[in-house]
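The block underneath contains the structure these notes are about, expressed in structure tokens.
Only heavy atoms go into these numbers, but all of them, side chains included; no hydrogens, no water, no symmetry mates. Along the sequence shown, the residues carry numbers beginning at 1.
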Amino acid sequence: MNITVLGGGNIGMSLVGEISRIKGYDVTLYTSKPEKFDSRIDVVDDERNMTFKSGVFKSTANLREAVVDADVLLCTLPAFMRKKLIEDITEDIKPTAVLGFVPGYGGAEMYCRNLLDKGVTIFGLQKVPYVSRTKEVGKVAGIMARKTKLYVSAIPCSKTDEIAELLEDMLLIKTQSLKNYMSATLLPGNPLLHTSGSYVYLKDYKKGYHYPEQIYYYQSWVDECSKVICDFSDEMMSICKALPIDLSEVQSIQEYYESPTPQKLTVKFHTIPSFQPLTLPMIHDEEGFMPDFNSRFYTEDIPFGVCILKGLALIVNVETPTIDAILDWYYRMTGKQYFLADGSFGKDINETAVHQLFGIDSPEKIKEFYNR
């Protein structure tokens, strides 16, 4: 079976390293810098204190070459790059192919209508299989916090069990089917994690101010951060309950991290080993450290995470004071205006993947699209 991994970043390198070891999978990596990649790489599993060699794979910067014979394509590109990628592969992808998004959140399914009409199956993983950090580009991939179980859903829904079986064999991680694709995209993941802490740390930030040292994201986490993320999660769960599809498998942040109170969640975050080295995106110069609002922390998780939730809330008439506060803070920090106070669209809404931009502007249309 021909597998193509789209994107040679942190998770892309790790997936290539893992999948290429398994007999029966011929792996191609699509990357803008194929010259940096050897035919094999090392994968370092930091938690298991072990290093293994990948199988042989090929790298290419030619998108058509990477796509035309692929049976399964795994897209690891950031959300803001997916629209163009999907447009560029639509002509060359096989009608029998499977296109997966790792992870699934970000609204990529909105760009896939032509692919679905062509016969392509799309799927989204609820979470990435592991935390990945490139140790040497094209040479050494690093992984930690390997998941014990993955959750996946596909469009059309009837293909989900087949995709789960395939992924379990390919990634060697037990994979469970979800009832609905949106169950893989509405989750206590990066759009909640990255924005709630940032909002607390930077809510009073003034342009040009320098912090004396780098802020460690989860080491600096306090109960106020936990209160914000729990409120955010509560709003997300209210949206899920109001949508006319089965989202019973979506977990709250409190349930996912087994922390019923903000105080317990703070303690939990301080005890997760893979969280401890993670930093707030900052720019270091001779005066100190400034927030980097051009980081994927924000350019992905706000327009392709927080905004999608806000758009859904508007469709089902759910109040979202915490989401609104985060979007207002981001507007003050960057000038990006996605929604106005009355719920109408702001000047930058076309940079998002909110459902309304694709004509999905009612509960009935949500049900029709996701239950296909």
Side-chain angles (χ1 to χ4, degrees), residues 1-63 65-66 70 72-79 81-82 85 100-103 125 127-148 150 167-173 175 189-190 193-194 214 216-219 272-284 292 295-297 300:
M1 182 177 288
N2 296 323
I3 311 296
T4 290
V5 175
L6 299 162
N10 293 324
I11 187 64
M13 271 190 70
S14 298
L15 287 172
V16 165
E18 292 262 279
I19 298 170
S20 63
R21 293 189 300 153
I22 303 172
K23 185 177 180 180
Y25 293 118
D26 295 317
V27 179
T28 297
L29 174 66
Y30 170 69
T31 171
S32 61
K33 298 176 180 178
E35 70 280 358
K36 290 186 174 292
F37 286 81
D38 296 330
S39 60
R40 301 178 74 184
I41 62 171
D42 291 324
V43 180
V44 179
D45 189 324
D46 288 317
E47 286 187 329
R48 298 181 182 181
N49 195 27
M50 61 182 289
T51 299
F52 59 82
K53 204 79 171 176
S54 75
V56 174
F57 64 92
K58 62 181 180 181
S59 304
T60 181
N62 184 315
L63 185 59
E65 178 185 343
V72 179
L73 301 98
L74 301 175
C75 178
T76 68
L77 296 176
M81 295 179 67
R82 292 179 176 180
L85 173 83
F101 299 99
V102 185
L125 271 176
K127 297 266 190 177
V128 294
Y130 16 68
V131 174
S132 303
R133 292 289 180 268
T134 298
K135 293 179 178 290
E136 184 179 355
V137 176
K139 302 289 191 298
V140 185
I143 63 175
M144 64 186 303
R146 184 187 295 268
K147 300 289 189 298
T148 57
L150 297 174
L167 290 174
E168 192 164 308
D169 183 70
M170 186 186 303
L171 301 175
L172 303 179
I173 301 174
T175 304
N190 290 349
L193 291 165
H194 290 172
Q214 171 70 59
Y216 280 81
Y217 198 76
Y218 292 105
Q219 291 182 32
I272 298 175
S274 62
F275 277 15
Q276 302 318 302
L278 302 181
T279 57
L280 182 79
M282 305 188 86
I283 299 169
H284 184 204
D292 181 8
S295 166
R296 279 178 61 179
F297 231 66
E300 181 164 67

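- The structure places NZ of Lys36 at 11.5 Å from CG of Asp38, a figure rounded to the nearest 0.5 Å.
- The distance from atom CZ of Arg133 to atom CG of Asp46, rounded to the nearest 0.5 Å, is 11.0 Å.
- Between Phe37 and Phe57, the angle of the ring planes goes over 60°, which puts this pair in the perpendicular group of the 30/60° scheme.
- When all heavy atoms are compared, the tightest approach of Ser59 to Thr31 is CB-CG2, 4.3 Å.
- With values rounded to the nearest 0.5 angstrom, Asn190 atom CG is found 7.5 Å from Glu300 atom CD.
- The two residues Val44 and Thr51 have their closest heavy-atom pair at CG2-OG1, 3.6 Å.
- A distance of 11.0 Å separates OH of Tyr218 from CG of Leu280, quoted to the nearest 0.5 Å.
- Once rounded to the nearest 0.5 Å, the distance linking CD1 of Ile173 with CG of Leu150 reads 4.5 Å.
- Closest of all the heavy-atom pairs between Ser132 and Ile143 is OG-CG2, 4.1 Å.
- The cationic group of Arg82 does not satisfy the cation-pi geometry with Phe101, failing either the under 6.0 Å distance to the six-membered ring centre or the 45° limit from the ring axis.
- Nearest heavy-atom pair, Gly138 versus Ile41, reported as atom, atom and distance to 0.1 Å: O-CG2, 3.4 Å.
- Listed here is the closest heavy atom pair of Met144 and Tyr130: O-CB, 3.5 Å.
- In this view, Asp292 satisfies the salt bridge (Lys or Arg N to Asp or Glu O under 4.0 Å) rule with no residue, not counting sequence neighbours.
- In terms of heavy atoms, Val43 sits closest to Gly17 at CG2-CA, 3.8 Å.
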Show the atom names and distances, to 0.1 Å, of all donor-acceptor pairs under 3.5 Å that link a side chain in residues 1-9 to residues at least two apart or in another chain.
{"residue": "Asn2", "atom": "ND2", "partner": "Asp69", "partner atom": "O", "Å": "3.1"}
{"residue": "Thr4", "atom": "OG1", "partner": "Ala66", "partner atom": "O", "Å": "2.6"}

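- By the side chain to side chain contact (heavy atoms under 4.5 Å, CB included) test, Thr134 is found to be paired with Asn10, Met13, Val137, residues two or more places apart in sequence or in another chain being considered.
- Atom-to-atom distance recorded for Thr279:OG1 and Tyr217:OH is 11.0 Å, nearest 0.5 angstrom.
- Atom CG of Asn62 is surrounded by more than 12 heavy atoms from other residues, nucleotides or ligands within 6.0 Å.
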